[in-house]
Amino acid sequence: MTATLLRTAADLHARARTGRRAVVMTMGALHEGHATLIRTARKIAGPEGEVVVTVFVNPLQFGAGEDLDRYPRTLDADVELAGRSGADAVFAPSVDEVYPGGEPQVRISAGTMGERLEGAARPGHFDGMLTVVAKLLHLTRPDVALYGHKDAQQLALIRRMVRDLNFGVEIVGVPTVREEDGLALSSRNRYLSPAERRTALALSQALFAGRDRHAAQEALRARAREVPATRARAEALSAIGESRAAADAHAVATTAGGPAAVRAAARLVLDEAARLDPPLRLDYLALVDPSDFTEIGDGFTGEAVLAVAARVGATRLIDNIPLTFGPFGDAS
């Protein structure tokens with residue numbers, strides 16, 4: 001399938017529309033993670049619908065000293081990958097097309113959620129991101145727009161903007177795509193040297209350690225619930241050689257766990273990576289409520305996000321995984 005390259009909103013609006021339009025917004029340098037978004041968009045749009053991929057490196061998202069000029073620009077390859085993945089069109093506007101007359105004086109504010117984590121590390125980033133997303137939603141006029149879970153805070157803010165400002169578009173999140181070694185796919189991975197890449201694996205390894213600690217704790221709690229601590233039960237278990245297992249399950253189930261244990265398991269991996277050559281320099285490790293990106297407490301129940309950001313050499317990387325804390329510690 002060949003994608004049509006469009007440079008102006010007028011050209012995009014001139015296209016005949018029969019079914020649903022699904023939009024995937026990117027800053028280019030497309031990889032398999034983007035391809036997964038495009039393939040998902042194709043399924044949602046269906047054979048009668050249309051998939052549009054936007055390619056626009058948004059200057060409002062880059063702060064002082066960030067990599068705007070260094071950010072990879074590979075439009076020809078992007079158009080090819082987009083078409084191969086199921087896109088009908090690639091909308092690659094110029095800065096003047098998106099911001100006629102220069103930088104906009106009126107912008108979207110991300111509010112307090114946009115000041116946490118990524119917002120604290122990159123002041124103004126989310127205001128710029130939301131402003132361009134709002135602009136591109138107006139310019140592309142989609143029925144549905146898809147974004148990756150890897151940028152979890154971004155996805156949460158887009159959903160909040162669409163709800164708060166009554167955008168008539170459905171927002172769909174798509175799970176993070178990882179390379180075989182666990183590293184989350186990112187356009188910035190190409191900046192890493194082989195040694196830096198080995199260090200960068202600590203981001204996903206830390207998240208997996210936190211997830212596995214949570215899963216182990218919940219499995220032991222479930223085991224403890226199945227083995228009541230009564231004398232009769234203990235005697236029966238002893239007779240079949242399970243008394244030690246029952247005692248271990250009860251002991252572990254009553255030790256510290258939950259969010260504190262998840263954070264500790266993840267931080268242990270990151271602390272070790274800080275001693276590597278080259279070292280990992282941690283920006284943050286956070287276990288947050290995805291509704292507002294505030295840290296969760298030990299009694300929290302519901303959906304949560306374990307998120308990490310760090311620098312390896314000159315490259316800054318982010319990653320996250322979802323977790324669920326329930327009254328009986330259901331994990332996912």
Side-chain angles (χ1 to χ4, degrees), residues 1-58 61 74-94 97-98 108 126 129-178 184-187 290 322:
M1 186 171 182
T2 301
T4 301
L5 177 62
L6 305 171
R7 291 291 194 171
T8 69
D11 289 338
L12 180 58
H13 296 166
R15 291 174 63 88
R17 294 180 62 170
T18 56
R20 302 180 80 197
R21 175 177 286 174
V23 165
V24 175
M25 296 184 185
T26 83
M27 291 207 299
L30 303 188
H31 49 64
E32 181 57 27
H34 297 110
T36 298
L37 285 165
I38 297 167
R39 288 192 291 267
T40 304
R42 182 76 269 162
K43 292 178 182 178
I44 291 173
E48 301 301 320
E50 181 183 44
V51 175
V52 177
V53 176
T54 70
V55 174
F56 181 66
V57 182
N58 178 33
Q61 290 177 232
T74 57
L75 183 58
D76 290 343
D78 294 344
V79 173
E80 181 181 351
L81 185 148
R84 195 167 62 244
S85 302
D88 298 288
V90 171
F91 177 49
S94 66
E97 177 74 12
V98 178
I108 301 291
F126 284 127
M129 180 276 295
L130 290 178
T131 298
V132 79
V133 167
K135 293 274 289 186
L136 289 172
L137 287 175
H138 289 313
L139 290 172
T140 60
R141 303 173 182 173
D143 299 288
V144 57
L146 297 89
Y147 303 89
H149 284 171
K150 187 178 81 70
D151 297 294
Q153 193 172 4
Q154 169 180 285
L155 175 58
L157 283 162
I158 291 171
R159 282 178 164 152
R160 188 61 186 251
M161 177 186 73
V162 165
R163 184 173 75 243
D164 287 355
L165 301 183
N166 300 102
F167 279 70
V169 61
E170 177 188 356
I171 302 299
V172 173
V174 178
T176 300
V177 178
R178 299 183 179 277
L185 282 173
S186 169
S187 302

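Just so we're clear, the structure is a prediction, and the values are computed from it rather than from any experiment.
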J.: Check the pair Arg178 / Lys150 against side-chain contact (heavy atoms from CB on, under 4.5 Å), numbers first and verdict last.
T.: CA-CA 10 Å; Arg178 299 183 179 277; Lys150 187 178 81 70; over 6 Å; no
J.: Can you find a heavy atom in the side chain of His34 that is under 4.5 Å from one in the side chain of Ser187?
T.: yes
J.: Report yes if the side chains of Phe167 and His138 come closer than 4.5 Å at any heavy-atom pair, otherwise no.
T.: yes
J.: Is there a side-chain contact between Pro322 and His149 in this structure, where contact means two heavy atoms from C-beta onward sitting under 4.5 Å apart?
T.: no
J.: Give a yes or no answer on whether the side chain of Thr131 reaches the backbone of Ile108 with a donor-acceptor pair at less than 3.5 Å.
T.: yes
J.: Counting heavy atoms not belonging to Asp164, are there more than 12 under 6.0 Å from its CG?
T.: yes
J.: Backbone N or O of Thr140 within a donor-acceptor pair of the Arg21 side chain at under 3.5 Å?
T.: yes
J.: Just so I know, are the side chains of Leu130 and Ile158 near enough to count as touching, which here means a heavy-atom distance under 4.5 Å?
T.: yes
J.: Please examine the side chains of Leu139 and Leu12, heavy atoms only from C-beta on, and report whether any two atoms are closer than 4.5 Å.
T.: no
J.: Might you point out which heavy atoms bring Thr74 and Ala29 nearest each other, and give the distance in Å?
T.: OG1-CA, 3.3 Å
J.: At what distance, to the nearest 0.5 angstrom, does CZ of Phe91 lie from OG1 of Thr8?
T.: 7.0 Å
J.: Answer whether the closest heavy-atom distance between the side chains of Arg20 and Val144 falls below 4.5 Å.
T.: yes
J.: Would you say Leu81 and His31 make side-chain contact, with heavy atoms under 4.5 Å?
T.: no
J.: If you measure from the Lys or Arg side-chain nitrogens to the Asp or Glu carboxylate oxygens, is any gap between Lys135 and Glu97 under 4.0 Å?
T.: no
J.: Considering all heavy atoms of both residues, which atom of Ala45 and which atom of Val51 are nearest to each other, and what is their separation?
T.: CB-CG2, 4.1 Å
J.: Flag the pair Asp88 / Arg15 as yes when at least one side-chain heavy-atom distance between them is below 4.5 Å, and no otherwise.
T.: yes
